[in-house]
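Inspection log for the structure reproduced underneath, given as structure tokens.
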Protein chains: 4
Amino acid sequence: MPRVGMEPIRREALVKATIAEVGRKGSLDVTVAHIAARAGVSSGLAHHYFGGKEDLIVAAMRHIMQIYGTAVRDELRAAASPRARAAGIVRASFGPANFAPEVVAAWLSFYVHAQSATGARRLLGIYQRRLVSNLADALRPLAGERARDLAETLAALIDGLYIRHALGDLPDGAAASARVIGVMDRLLEAA
Amino acid sequence: MPRVGMEPIRREALVKATIAEVGRKGSLDVTVAHIAARAGVSSGLAHHYFGGKEDLIVAAMRHIMQIYGTAVRDELRAAASPRARAAGIVRASFGPANFAPEVVAAWLSFYVHAQSATGARRLLGIYQRRLVSNLADALRPLAGERARDLAETLAALIDGLYIRHALGDLPDGAAASARVIGVMDRLLEAA
Amino acid sequence: MPRVGMEPIRREALVKATIAEVGRKGSLDVTVAHIAARAGVSSGLAHHYFGGKEDLIVAAMRHIMQIYGTAVRDELRAAASPRARAAGIVRASFGPANFAPEVVAAWLSFYVHAQSATGARRLLGIYQRRLVSNLADALRPLAGERARDLAETLAALIDGLYIRHALGDLPDGAAASARVIGVMDRLLEAA
Amino acid sequence: MPRVGMEPIRREALVKATIAEVGRKGSLDVTVAHIAARAGVSSGLAHHYFGGKEDLIVAAMRHIMQIYGTAVRDELRAAASPRARAAGIVRASFGPANFAPEVVAAWLSFYVHAQSATGARRLLGIYQRRLVSNLADALRPLAGERARDLAETLAALIDGLYIRHALGDLPDGAAASARVIGVMDRLLEAA
DNA sequence: AATGAATGAGGATTCATTCAT
DNA sequence: GATGAATGAATCCTCATTCAT
């Protein structure tokens, strides 16, 4: 029963279904048919709106990154000091929206996918550079020219905790945040 | 022309071909036929020896982990102090055998695969726990009961640098080692 | 913005778009969506007016045949002698309206389609019989009872030159006409 | 039940099944599954041996052309005079192997396909040029420098009669041959 | 009159796996 | 010990067609 103005609704439903499906399966070996079914539409519609599976994947990545970007912005807005800004970025990385098991699983799948797909790689590169430069900007007042180096270390640590979370290791986002912030504090003191 | 005693030779060739192929492609979307061709045998033989693709994948993971295990043991044998032992483990992680681009790419693929395949997950769990306990053991004389926590942090940092390397970020293994060891030293001082 | 009296306009636009699209592609593997887009309407409208793709194809064939029929009538009207009448029919076959590359490509596609579609076959049969009887009528004063046979030969020759034109062989319509008329003259003399 | 040395047998069976299927349907809208079923194998095998549908089509064209080429060679070998050579080529074109309804239908489909597929077009170009030059060579002793022109006319006439046969017009190959040879004779006299 | 949302059947293609030799 | 012939399930994608608005 076609109604007008459905496009944005369908697109969003499909993107969310993609993330959910990839997250549940823990890999990109997911069929368009399943995604479409989960979104409550036919597989044909997924192709109609996105052109193909790859585009759907990329759209899902973009969506996940947008969620993360929003979380970062919210944390930054609420932060009063440089340290609070850095800590906020870390907390955003492990916030509920980002650190839900299926989202983490999807993230990890996208990382691997980026190794072979150009579009995905570009997208991920943007995210990674932004994470590092956000962190470096926040740390500059505290660490000066060491800020960049510190930011890179923290970014890597965040990614590493993500991986381990995806494989079922770590307890929760709060613990992960605390660990990264703890390391940050000690590395700042060590200067 | 079949000859006797070929089994171990074929098995190794297939395992190495699997790693090479997965590393080159950057994903497990690799055909048994390609792997077999690279190993110079028929695809039927791969099944004959390994039972199926999944088992071949697991064997390849095991092989990569053995290489890593050997590198760690070599480093530990040569180390004189607790700090040298910890640093050795880190260096083993980023040594040439482990940090070759295709090996890193394969590692990452295996990580994702472990999200959905039980056998792979179990194997990876063993590796991760061993890495952490190796590190913790080495650090105990220096950090006491904080050793475990520190080891977990360093393990996550190592994994994070791996990921970023896989996506083309970091320069080389030496730099990665230096970064981790630097963080380790400062965290030890901070106590 | 729907307006009244649009039907004939839409129909013609769709028919012309069909010919153009089939001609461009060189086959009936053309989507209704493409045709509709070229005609500046939605694909739904094409079905609304024609019922289905097949009917659209048949309408396009009919249109092409009408163009040809008009060209023949014009030539016949201007012809003074029997020979001029026959030559006129030939010239009409290779006139600009019929011998444009895309029209020739469409013709050929329709020929093949007629092998499997009844409606198309019937339509094409009408055209072929008319071509032959037009030619035979024109030639009767010159060739008597041999007229029919001669007409069949010339009709086949015309079709053959069409095919070769469609595949990029022949220079232009004038040369094709000249060739057929030359053959005709010699066959008439040979009596 | 795999046996060794099946490849040539399967290839031929698939090629013949392709011609039969295309001929029966009168178009290239034929599924690989149907072709494979007719050849008594799975659809996967068709891809295994030919790579894809298009390659299968091209192989079928090549096969049809080889049959024709053989028929021409046989006729030429048996011909004593220039005229007999030319007549032989014509007869080969309408011989039983070439003029069977399904073969003619396949030919016509290939003609159309050649409009859009490069490989098919190239192949058909070779056939067409060979037909013309074979004819021209045969006619040279009789028609001198008019041989080429005459050959082109006869080639077009042959193609035209093929089309009309495909659409159910003409009685049989003998009649078609007689018509072409008759035209040839009269055009030769007319010099 | 016209749209475009939506479907779903159908088809090419890939590939792990099996098995006779 | 080794091959490669063969299968068939699985999946992506296309597209004619329908229908509510």
Side-chain angles (χ1 to χ4, degrees), chain A residues 1-7 9-10 29-36 39-56, chain B residues 1-7 9-10 29-37 40-56, chain C residues 1-7 9-10 29-37 40-56, chain D residues 1-7 9-10 29-36 39-56:
Chain A
M1 317 113 197
R3 256 171 291 168
V4 291
M6 295 305 281
E7 175 155 355
I9 296 165
R10 296 308 190 201
D29 267 338
V30 166
T31 69
V32 173
H34 273 140
I35 294 172
V41 300
S42 70
S43 73
L45 202 65
H47 285 94
H48 179 60
Y49 281 130
F50 288 91
K53 188 182 179 180
E54 176 63 22
D55 310 79
L56 192 46
Chain B
M1 317 111 194
R3 265 177 284 166
V4 290
M6 293 303 279
E7 174 156 352
I9 295 166
R10 299 304 194 199
D29 269 338
V30 164
T31 69
V32 173
H34 272 139
I35 293 172
V41 300
S42 72
S43 72
L45 202 64
H47 284 90
H48 180 60
Y49 279 135
F50 288 89
K53 187 183 181 179
E54 177 61 23
D55 310 80
L56 191 46
Chain C
M1 319 112 196
R3 265 178 284 164
V4 291
M6 294 303 280
E7 174 155 355
I9 296 167
R10 297 306 194 200
D29 269 338
V30 163
T31 68
V32 173
H34 272 140
I35 293 172
V41 300
S42 72
S43 72
L45 202 65
H47 285 89
H48 180 61
Y49 279 135
F50 288 91
K53 188 182 180 180
E54 177 61 23
D55 311 80
L56 192 46
Chain D
M1 318 112 198
R3 256 172 291 170
V4 291
M6 294 305 281
E7 174 155 354
I9 296 165
R10 297 307 190 201
D29 268 336
V30 165
T31 70
V32 174
H34 273 141
I35 293 172
V41 300
S42 71
S43 73
L45 203 66
H47 285 94
H48 179 60
Y49 281 130
F50 288 91
K53 187 181 179 181
E54 177 62 24
D55 309 79
L56 191 47

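Convention: sequence-line order gives letters A, B, ...; per-chain numbering from 1. The shown structure was predicted, so the numbers you read here are calculated from the model rather than taken from an experiment.
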Calculate the interatomic distance between [X] atom [atom1] and [N] atom [atom2]; express it in whole Å.
X      : N       : atom1 : atom2 : result
E7(A)  : dT3(E)  : CD    : P     : 17 Å
I9(A)  : dA6(E)  : CD1   : C1'   : 14 Å
H48(C) : dG4(E)  : NE2   : P     : 15 Å
I35(A) : dC13(F) : CD1   : P     : 11 Å
Y49(D) : dA6(F)  : OH    : C1'   : 8 Å
L45(A) : dT18(F) : CG    : P     : 18 Å
H34(B) : dA16(E) : NE2   : C1'   : 14 Å
D29(B) : dA10(F) : CG    : P     : 17 Å

R10(B) side chain N/O closer than 4.0 Å to the phosphate oxygens (OP1, OP2) of dA2(F)?
yes
Is there a side-chain polar atom (N or O) of H47(D) under 4.0 Å from OP1 or OP2 of dT14(E)?
no
Intra- and interstrand pairs of DNA chain F - dot-bracket, Watson-Crick/G-U under 3.5 Å, | marks other strand
.||||||||||||||||||||
Any chance you could measure L56(C), atom CG, to I35(C), atom CD1, to the nearest 0.5 Å?
5.0 Å
Considering heavy-atom distances to DNA chain E, does S42(C) or A33(D) have its closest nucleotide positioned more toward the 5' end?
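That would be S42(C).
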With nearest nucleotides of DNA chain E determined for V41(A) and V30(B) from heavy-atom distances, which residue corresponds to the more 5′ nucleotide?
V41(A)
Backbone N/O of V30(C) and side chain of K53(C): donor-acceptor pair under 3.5 Å
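Present.
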Pick the closest DNA chain F nucleotide for K53(C) and for G44(B) by heavy atoms, then say which residue is nearer the 5' end.
G44(B)
Among dT11(F), dT17(F), dG11(E), the nucleotide that comes nearest once only the side chain of S43(C) is considered:
dT17(F)
